[in-house]
> 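The structure follows.
Numbers restart at 1 for each chain; the letters A, B, ... are given by sequence-line order, proteins then strands.
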Amino acid sequence: MIVRIMGEGQVRVDDSQLPALNKLDDDLLAAIESGDHDSFRRTLGALLDAVRSAGEPLPADTLEPSGLILPTPEATLEEVKAMLKDDGLIPG
Amino acid sequence: MKRMGMIFRAKANKALDRAEDPRETLDYSYQKQLELLQKVRRGVADVATSRKRLELQLNQLQGQSTKLEEQGRKALALGREDLAREALSRRAALQQQVTDLETQHQTLQGEEEKLTLAAQRLQAKVDAFRTRKETIKATYTAAQAQTRIGEAFSGISEEMGDVGMAIQRAEDKTAQLQARAGAIDELLASGALDDQSGMAKDDIAAELDRISGGTDVELELQRMKAELAGGSPQQAIEGGTQDQAQQSQNQHKFDKQ
């Protein structure tokens, strides 16, 4: 799966890594929903680190869309929440 | 993990649906890409300008800080601890500003690096898109083009969305820092930090001049005697020179970037 970290570019992550990343993604969403800034910052950092270390950077001239787009490391909880809301992807 | 994936793709597909002949949108999109590329490059230049301005201010503030330290040293050598204390407390206030500016300087450098890399990535993708565009126009029928263009579009529009937000971020940060840099420029221009022109700063220098009178000569004589005697030069005076050497090293550090 191709993953974009906003502001950093795209990496290709092997599908076998996805379950571990999914766990962090769930934690991140939980932090966003409960408005827990500390947990959000920590979990986002951990998720991005995991993607960076598991992923192989894509050449800059590829035109492949990402299967997943992750926020920039400095994004705030509010920004990420707004991004998700725009698309109505968070149920409830 | 699937929840965040659709943000830019949705926008790209919407743009594509609107066009009657998808091939027509290729040139339009390419035009937009070139515009964005220009914008990123201007962004890099803007951040670099702000960074250089900050470096100039840092050098000025550090110069003032060194001057105050020398004044403190001199006041102490002349037995005026009160005056030395005043000079050093002003220096401490100045140092706080220096530290603050150094943090901002790091922030701007980080933004500059990020935008430079973003410009490189976008350039590579725009080039790839141009090649793909020409191939599609030359080779494929409208029906085939639909799919091909869809793929090329989603790749590039994702990058464009990302870069657009990165520029926005950098602009916001630069604007914040520029407001603060403007305040410091005013402070420097007002002479409040400059003992040549400002009354606020002048008092320590004036008092030192007044009390030193012939004392400078005495201190210099002492120093020469010590040198001739082969002893170490008087610390109070030599210390200032060492700091100046250190100061010019700091200036070099900022100039070279």
Side-chain angles (χ1 to χ4, degrees), chain A residues 1-11 13 15 17-30 32-33 44 47-48 50-51 54-55 57-76 79-92, chain B residues 1-14 16 29-30 33 40 107 110-111 113-133 135-136 148-170 172-173:
Chain A
M1 183 193 228
I2 296 173
V3 181
R4 171 181 296 271
I5 298 178
M6 289 179 67
E8 290 183 21
Q10 295 168 296
V11 295
V13 177
D15 285 353
Q17 305 279 349
L18 291 180
L21 297 177
N22 257 320
K23 166 81 179 78
L24 285 166
D25 186 50
D26 289 343
D27 292 351
L28 187 64
L29 283 166
I32 292 169
E33 275 160 14
L44 179 58
L47 177 59
L48 297 183
V51 170
L58 243 61
D61 62 355
T62 48
L63 288 173
E64 285 186 75
S66 309
L68 170 71
I69 297 172
L70 293 175
T72 179
E74 61 205 79
T76 64
E79 284 170 334
V80 174
K81 201 169 181 175
M83 277 167 67
L84 293 170
K85 263 198 185 136
D86 274 349
D87 289 287
L89 291 173
I90 288 189
Chain B
M1 288 296 263
K2 296 116 224 151
R3 296 180 185 92
M4 298 207 193
M6 301 296 168
I7 298 166
F8 297 118
R9 199 119 37 98
K11 285 175 190 162
N13 288 339
K14 256 180 238 162
L16 197 59
S29 172
Y30 183 62
Q33 292 162 27
V40 190
T107 307
E111 287 305 312
E113 278 162 28
K114 268 189 263 178
L115 276 190
T116 305
L117 288 174
Q120 285 166 5
R121 279 198 304 268
L122 184 59
Q123 174 76 68
K125 281 193 163 52
V126 168
D127 289 345
F129 185 89
R130 191 191 58 228
T131 310
R132 186 89 63 98
K133 169 170 84 82
T135 315
I136 290 169
R148 290 286 174 154
I149 294 170
E151 287 166 7
F153 263 147
S154 40
I156 194 88
S157 64
E158 185 184 308
E159 188 72 30
M160 289 172 76
D162 190 1
V163 168
M165 287 177 83
I167 299 175
Q168 191 56 51
R169 229 167 233 287
D172 290 350
K173 272 188 196 161

> Which bit of T62(A) comes within less than 4.5 Å of chain B, counting heavy atoms only: side chain, backbone, both or neither?
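Both parts, heavy atoms under 4.5 Å.
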
> Hey, is R4(A) close enough to D162(B) for a salt bridge, meaning N to O under 4.0 Å?
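Looking at D162(B) together with R4(A), the answer is yes, because their closest N to O distance falls below 4.0 Å.
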
> With a 4.5 angstrom heavy-atom cut-off, could you sort out which part of E113(B) is near chain A: side chain, backbone, both or neither?
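For E113(B), neither part sits under 4.5 Å from chain A.
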
> Are E8(A) and T72(A) linked by a side-chain donor-acceptor pair shorter than 3.5 Å?
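There is no such pair (donor and acceptor under 3.5 Å, judged by atom type) between the side chains of E8(A) and T72(A).
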
> Apply the side chain to side chain contact (heavy atoms under 4.5 Å, CB included) test between L48(A) and each candidate in V3(A), L70(A), L24(A); give the one that qualifies.
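So the option named by the test is L70(A).
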
> Which answer fits I5(A), side chain, backbone, both or neither, if we ask what part of it has an atom under 4.5 Å from a heavy atom of chain B?
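The backbone, not the side chain.
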
> Is there a donor-acceptor contact under 3.5 Å linking the side chains of T116(B) and Q120(B)?
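The criterion, which ignores hydrogens and geometry beyond distance, is not satisfied for Q120(B) and T116(B).
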
> So what's closer than 4.5 Å to chain A heavy atoms on L117(B): side chain, backbone, both or neither?
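No part of it gets close to chain A.
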
